[in-house]
Amino acid sequence: MDSPEGATIRSEQKFRKFLKSLVRKQPQDLLLVIGTGVSAAVAPGIPALCSWRSCIEAVLGAAEQLEVLHPGDVAEFRNKVIKERDLLVVAHDLIRKMSPRTGDTKPNFFQDCLMEVFDNLEQHIQNPVVLQSILRLMERGTMVLTTNYDNLLEIFGQQQGKPMESLDLKDKDKVLQWARGHVKYGVLHIHGLYTDPCGMVLDPSGYKDVTQDPEVMEVLQNLYRTKSFLFLGCGETLRDQIFQALFLYTVKNKVDLEHYMLVLKENEDHFFKLQADMLLHGIKVVSYGDCFQQFPEYVQDLAAQICKQRSPDAERVDSTTLLGFCSKSLP
């Protein structure tokens, strides 16, 4: 039986209006950007999935338990997590600290810590509603990229019989295929994936081969110009240096674009200021509610609305069929 709180959330969701400019998009015209909020909704039992802060703290805890980082270093990094505003810098420094001293950036103990933190992910999927909605959109041509290290979407999709693929930016051929729409169930991890720490990168310098490749950059930035990006569970993505390097630095006239970001509206003044600021980047900020528990059902209802749209191709087929029928019916 539903709790009163759950019933209230569903009631509010039922009467919520969606932007018509968003729900009238064709699925193939969208590109989803998945952040930590999606993982937090799907697997709330793993704190490391909830935010960069939680992830770093969990890695430090694992390093302490496995005794692979000096206690003094653990204390120093915990202090950085509290004081440092840019947690991606802290994460990058931590990877370097736990890598070989030879100058090789291949993580060593960092990999072990991540494997400890993300052990048996599939057993922690508690609320797959958001993942089901994302897969429904992918079936209809929506592309997906993520700033997350985890592969919850791929795990769930494989359980549903989908040929999911995890991609990273170091595989140029695959990235080009994905960007051109040839990898239907591909998920591009712009920071890499925890199962392959050698491919994990936290600052643009690690992707010089990509950012200095005109062919790759043109294809990726063309996505930002021609698709509508829909940010799900993304708090600081626009401050993410890799996302900026890939999509924001050289794309001109961003104010003329039409992207969307779903956010939690905890404070009205902050929310409306964010709305005004993001419009300068061509991003429409939309509230999914004033509590995080509303996020999964909002995404579910939004995806259902978008998937209702008939494609122009289908309408052309219907028109052609109708004209053919009429001509045959004439004496």
Side-chain angles (χ1 to χ4, degrees), residues 31-36 38-39 48-49 52 55-56 59 88-89 91-92 94-96 98-99 104-108 110-115 117-118 121-122 131 134-135 138 142-158 162-224 227 229 231-234 236-237 240-249:
L31 190 153
L32 303 185
V33 182
I34 297 175
T36 55
V38 169
S39 298
L49 296 176
W52 276 109
C55 182
I56 296 170
V59 168
L88 287 177
V89 172
H92 185 257
L94 183 58
I95 289 178
R96 286 183 177 275
M98 302 178 76
S99 300
D104 182 359
T105 57
K106 175 182 178 182
N108 191 339
F110 189 78
Q111 175 183 9
D112 293 295
C113 293
L114 278 180
M115 299 295 273
V117 169
F118 292 144
L121 272 181
E122 65 277 2
L131 299 183
I134 293 172
L135 282 179
M138 291 181 81
T142 299
M143 300 172 68
V144 176
L145 71 79
T146 181
T147 56
N148 297 346
Y149 285 136
D150 67 82
N151 58 345
L152 282 169
L153 176 58
E154 293 94 308
I155 289 172
F156 182 75
Q158 288 167 355
K162 308 298 183 187
M164 308 298 294
E165 287 190 61
S166 300
L167 314 173
D168 68 54
L169 287 170
K170 293 196 171 182
D171 188 339
K172 175 180 174 178
D173 291 340
K174 273 292 185 183
V175 170
L176 289 174
Q177 289 177 31
W178 172 85
R180 290 165 176 157
H182 301 320
V183 187
K184 184 174 183 178
Y185 290 101
V187 181
L188 180 63
H189 292 256
I190 66 171
H191 287 301
L193 193 63
Y194 85 94
T195 54
D196 179 23
C198 299
M200 290 172 57
V201 179
L202 292 169
D203 67 77
S205 64
Y207 280 139
K208 284 182 180 177
D209 290 344
V210 175
T211 56
Q212 295 178 4
D213 187 316
E215 182 182 15
V216 174
M217 290 303 291
E218 174 59 29
V219 169
L220 289 176
Q221 289 170 1
N222 189 55
L223 290 174
Y224 201 72
K227 299 278 186 182
F229 280 41
F231 296 86
L232 301 179
C234 298
E236 302 293 332
T237 299
D240 183 298
Q241 292 183 14
I242 293 177
F243 187 87
Q244 289 177 347
L246 293 176
F247 299 107
L248 299 184
Y249 286 154

Checklist entry - Does a donor on one side chain sit under 3.5 Å from an acceptor on the other, for Asn151 and Ser166? => result no
Checklist entry - How many angstroms lie between CE in Met217 and CG in Asp213, if you round to the nearest 0.5 Å? => result 9.0 Å
Item to check | Minimum side-chain heavy-atom gap Leu94-Ile56 below 4.5 Å | outcome: yes
Checklist outcome for this item: Distance col, row Glu122:CD vs Gln158:CD, nearest 0.5 angstrom, shows 10.0 Å
Checklist entry - Which atom pair, heavy atoms only, marks the closest approach of Val219 to Arg180? => result CG2-NH2, 3.9 Å
Checklist entry - Under the side chain to side chain contact (heavy atoms under 4.5 Å, CB included) criterion, do Leu145 and Leu223 qualify, and how do the steps go? => result CA-CA 11 Å; Leu145 71 79; Leu223 290 174; over 6 Å; no
Item to check | Heavy-atom pair of closest approach, residues Met164 and Glu154 | outcome: CG-O, 3.6 Å
Checklist outcome for this item: Of all heavy-atom pairs linking Val183 and Lys174, the shortest is CG2-O, 4.4 Å
Item to check | Side-chain heavy-atom pair Tyr194, Met115 within 4.5 angstrom cut-off | outcome: yes
Checklist entry - In Å, rounded to the nearest 0.5 Å, how long is the span from CG of Leu167 to CD1 of Ile190? => result 13.0 Å
Next on the checklist: I'd like to check Leu188 versus Val175 (side-chain heavy atoms, cut-off strictly below 4.5 Å). Are they in contact?
Outcome noted: yes
Checklist outcome for this item: By side chain to side chain contact (heavy atoms under 4.5 Å, CB included), Thr142 pairs with (sequence neighbours left out) Pro27, Leu30, Leu32, Leu137
Next on the checklist: Return the CZ to CZ distance between Phe231 and Phe243, rounded to the nearest 0.5 Å.
Outcome noted: 4.0 Å
Next on the checklist: Quick check: do Leu246 and Leu169 have side-chain heavy atoms less than 4.5 Å from each other?
Outcome noted: yes
Next on the checklist: Using only atom types and a distance under 3.5 Å, with no angle test, would you say the side chain of Thr146 pairs donor to acceptor with the backbone of Ile34?
Outcome noted: yes
Item to check | Contact check, side chains of Leu153 and Met138, non-hydrogen atoms, under 4.5 Å | outcome: yes
Item to check | Heavy-atom closest contact (Leu135 atom, Lys162 atom, distance) | outcome: CD2-CG, 4.4 Å
Next on the checklist: Which heavy atom of Phe247 sits nearest to which heavy atom of Leu220, and what is that distance?
Outcome noted: CE2-O, 3.4 Å
Next on the checklist: Taking the side chain as everything from C-beta on, heavy atoms only, tell me whether Leu121 gets closer than 4.5 Å to Leu49.
Outcome noted: yes
Next on the checklist: Nearest 0.5 angstrom please: Asp150 CG to Thr195 OG1, how far?
Outcome noted: 10.5 Å
Checklist outcome for this item: To the nearest 0.5 Å, atom CZ of Phe118 lies from atom CG of Leu193 at 9.5 Å
Checklist entry - So which heavy atom on Pro163 is nearest to which on Tyr185, and how close? => result O-CB, 3.5 Å
Checklist entry - Going by heavy atoms in the side chains, are His191 and Asp168 under 4.5 Å from each other? => result no
